[in-house]
Amino acid sequence: MSQPLILVTNDDGVYAPGIRALHEAVSSLGEAVIVAPERDNSAVSHSLTMNRPLRVVKLESQIHTIDGTPTDCVTIAINKILRRKPDLLVSGINPGPNLGDDISYSGTVSAAIEGTMYGIPSLAFSLGGNPPYDFEVAAAVAWKLASMALAMRLPPNSLLNINIPPLPAGAIQGIRFTRQGRRRYRDAIQETFDPWGRKHYWIGGGTAHWSGGDDTDEEAIRSGCISVTPIQLDLTNHDGLEYLARQWKM
């Protein structure tokens, strides 16, 4: 029986320390192949490059890079680079959390979404906190959860969004299965001026305000726990569907 084939990707680029730590961690579980963007693609969400051709460069025997997005990397890896469909996809380790509404923008999570669309068990890993990042504990968590994903099934049509608190192993308070929280940013758009006095806007930063309750991903991280959130492909609001059928008389 052949060993598991594991696709490793990210949104921070092929040279990011997080993906190297992740690759090293899961290499003991099977044949781990990196296919990752050549540069940082943070916050590109689930975008595909369709306005130009894409170039694949083989850097090492098990490391490839593509001049595209994380989603580009996953679909080209599955269809053109790998010798067969992978048994597992792992994305990350992202430096910084992907919690709440931020998962809609995350290239890390979107790579796992693309894998799930191909029927591949997919995990997205992010490490909370601020730089400098130490990926040692997060890599150990990734190994544990990846081994579990290979041994047991994920929920149908779902990926796991995993966030790890920036704590020593002995300080982590366990694992929580959570739901997605909600967040709003205040003062996230900054005005700036170029040397000619023309106004420009810079998106990013600001102060996050969270809501959603004690069972959310954000609360788990704040409590020192690893957050594991199942994210489903079906975006239908089924309660909303029932409401429309009941209340909107066409």
In plain terms, say whether D217 and R179 are close enough for a salt bridge, that is, a side-chain N and a carboxylate O under 4.0 Å apart. no
Any donor-acceptor pair under 3.5 Å from S158 side chain to P156 backbone: yes
Please examine the side chains of F125 and L22, heavy atoms only from C-beta on, and report whether any two atoms are closer than 4.5 Å. yes
Could you grab the distance from atom CD1 of I76 to atom CG of L54, nearest 0.5 Å is fine? 4.5 Å
Decide yes or no on side chain to side chain donor-acceptor pair (under 3.5 Å) for D11 and S106, but give the supporting numbers first. CA-CA 8 Å; D11 71 352; S106 170; 4.6 Å; no
Any donor-acceptor pair under 3.5 Å from T69 side chain to S47 backbone: yes
Testing the basics here: between W143 and A25, what is the closest heavy-atom pair and its distance to 0.1 Å? CD1-O, 3.0 Å
If you round to the nearest 0.5 Å, how far is CG of N98 from CG of L127? 11.0 Å
Quick one: does T75's side chain get under 4.5 Å of Y118's, heavy atoms only? yes
Strictly distance-based, threshold 3.5 Å: is any side-chain N or O of H200 a donor or acceptor partner for the main-chain N or O of D194? no
Salt bridge E38-R55, side-chain N to carboxylate O under 4.0 Å: yes
Once you round to the nearest 0.5 Å, how far does CZ of R84 lie from OG of S2? 4.0 Å
R20 and E24 ion-paired at < 4.0 Å: no
Of I162, V228, I164, the residue whose pairing with I175 passes side chain to side chain contact (heavy atoms under 4.5 Å, CB included): V228
Between L29 and I6, is there a side-chain heavy-atom distance shorter than 4.5 Å? yes
Taking L48's backbone N and O only, do any of them form a donor-acceptor pair with D72's side chain (distance below 3.5 Å, no angle check)? no
Spacing of OG1 belonging to T216 relative to CD belonging to Q180, to within rounding of 0.5 Å: 10.0 Å
Minimal non-hydrogen separation, G224 against L167, with atom names: CA-CD1, 3.7 Å
Could you go step by step and tell me if L88 and V26 meet the side-chain contact (heavy atoms from CB on, under 4.5 Å) rule? CA-CA 10 Å; L88 181 69; V26 300; 5.8 Å; no
Looking only at atom types and distance, does a side-chain atom of T65 sit under 3.5 Å from a main-chain N or O of A36, one as donor and one as acceptor? yes
For Q173 and A171, indicate whether the former's side chain and the latter's backbone hold a donor-acceptor pair under 3.5 Å. yes
Ionic contact status for R83 with E31, cut-off 4.0 Å: yes
When N41, N10, N94, N161 are each screened for side chain to side chain donor-acceptor pair (under 3.5 Å) with T108, the one that passes is N94
Flag the pair S45 / S110 as yes when at least one side-chain heavy-atom distance between them is below 4.5 Å, and no otherwise. yes
Same apolar cluster: I120 and L82, side chain cutoff 4.5 Å: yes
Can you get from M117 to I103 by hopping between Ile, Leu, Val, Met, Phe, Trp and Tyr side chains that sit under 4.5 Å apart? yes
Do NZ/NE/NH1/NH2 and the carboxylate oxygens of R52 and D67 come within less than 4.0 Å? yes
